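Since the model is a prediction, treat every value here as computed from it, not as a measurement. Throughout, numbering of the chain's residues begins at 1 and tracks the sequence.
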Amino acid sequence: MSEQIEERQTKPMTTGEDRIVAPPSAAELARAFFSALDERDPDRMMRTLAPHAVFRALPHVAPIRTADEIVAYFGQVVSSYPGARWAVTDVIMQGERASVQFVIREFSRTQNREVLSEQVTIVRAAEGKIVSILGYYDTLEFRRLFWDEDI
């Protein structure tokens, strides 16, 4: 699937042999973004993002602007959680927006078990690229599980 998205991104809207190839949808882009995150592939992540993309981990948190900064941010995230895995579990799309439910899993040595955090993001796309990602998750639960903090 990622090869199809990459091909679409290099040819945003083409005609050929009586067919039109549309740019990838918000849902396809979101799945490709999280797949690249899980595979720790910054180049693939970058190909899903518009240069002027904006990311906020939570509403009302200062945004991270530009694709370069977003990819750098997620590079720090994956280096902080080297064993973590990201998996999209559901996507609901309407128009240029997709609501993406995903799970982060990592084995905790201190708890001697796998911990997981279910999260949701709203992804907005335009012209075949992600222009906005807004995250929603339980920060207290995440800190308790992944940082082993008693909250």
Kindly compute the distance separating CG (Leu134) from CZ (Arg97), expressed to the nearest 0.5 Å.
10.5 Å
Between Gln111 and Ser108 (side chain of the first, backbone of the second, donor and acceptor by atom type, cut-off under 3.5 Å), is there such a pair?
no
Is there side-chain contact between Glu69 and Val71, with heavy atoms separated by less than 4.5 Å?
no
side-chain hydrogen bond (donor to acceptor under 3.5 Å, both in side chains) between Arg56 and Ser132, worked out
CA-CA 8 Å; Arg56 286 186 290 155; Ser132 174; 5.9 Å; no
Which heavy-atom pair separates Gly128 from Pro24 by the least distance, and what is that distance?
O-CG, 3.8 Å
Indicate yes or no: at least one non-hydrogen side-chain atom of Ile70 is less than 4.5 angstrom from one of Leu49.
yes
Trp86 reachable from Ile133 in the ILVMFWY side-chain graph, under 4.5 Å edges
yes
Identify the two heavy atoms, one from Ala30 and one from Val100, that lie closest to each other, and give their separation to 0.1 Å.
CB-CG2, 3.4 Å
Can any side-chain N or O of Arg40 pair as donor or acceptor with the backbone N or O of Asp38 at less than 3.5 Å?
yes
Side-chain heavy-atom pair Leu140, Phe142 within 4.5 angstrom cut-off:
no
Taking the side chain as every heavy atom from C-beta outward, state whether Thr48 and Lys129 have any pair of such atoms under 4.5 Å apart.
no
Any link between Leu58 and Ile122 through a network of hydrophobic side chains (Ile, Leu, Val, Met, Phe, Trp, Tyr) touching at under 4.5 Å?
no
Answer with yes or no after comparing the ring centroid distance for Phe33 and Phe74 against a 6.0 Å cut-off, counting only values under it.
yes
Within this structure, what is the CZ-CD distance for the pair Phe34 and Glu39, rounded to the nearest 0.5 Å?
13.5 Å
Any non-hydrogen side-chain atom of Tyr136 less than 4.5 Å from a side-chain atom of Thr121?
no
For Asn112 and Phe107: C-alpha separation, side-chain torsions, deciding distance, then whether side-chain contact (heavy atoms from CB on, under 4.5 Å) applies.
CA-CA 7 Å; Asn112 198 31; Phe107 185 80; 3.5 Å; yes
Any chance CD of Gln94 has more than 12 other-residue heavy atoms, nucleotides or ligands included, within less than 6.0 Å?
no
Which distance, rounded to the nearest 0.5 Å, do you find between the CZ of Arg144 and the OG1 of Thr139?
12.0 Å
Membership question, hydrophobic clusters at under 4.5 Å side-chain separation (ILVMFWY): are Val88 and Tyr81 in the same one?
yes
Can Tyr73 be reached from Val123 by stepping across I, L, V, M, F, W or Y side chains whose heavy atoms are under 4.5 Å apart?
yes
Side chains of Arg85 and Glu106 in contact at under 4.5 Å (non-hydrogen atoms):
no
Would a 4.5 Å heavy-atom cut-off, applied to side chains only, mark Val120 and Phe102 as touching?
no
Decide yes or no for Val78 and Leu37: does some side-chain heavy atom of the first lie under 4.5 Å from some side-chain heavy atom of the second?
yes
Would a hydrophobic clustering, with Ile, Leu, Val, Met, Phe, Trp and Tyr connected at side-chain separations under 4.5 Å, put Leu145 with Ile104?
yes
Gap separating the CG atom of Asp138 from the CZ atom of Arg143, nearest 0.5 angstrom:
11.0 Å
Any donor and acceptor pair, going by atom type alone, linking the side chain of Thr89 with main-chain N or O of Gln101 inside 3.5 Å?
yes
Side chain Ser35, main chain Arg31, donor-acceptor under 3.5 Å:
no
Specify the closest pair of heavy atoms between Ala27 and Ala98, including all atoms of both residues, with the distance to one decimal.
N-CB, 3.9 Å
Ignoring hydrogens and geometry beyond distance, is a side-chain donor-acceptor pair present between Arg105 and Ser117 at under 3.5 Å?
no
Flag, side chain of Asp41 to backbone of Ala36, donor-acceptor distance under 3.5 Å
no
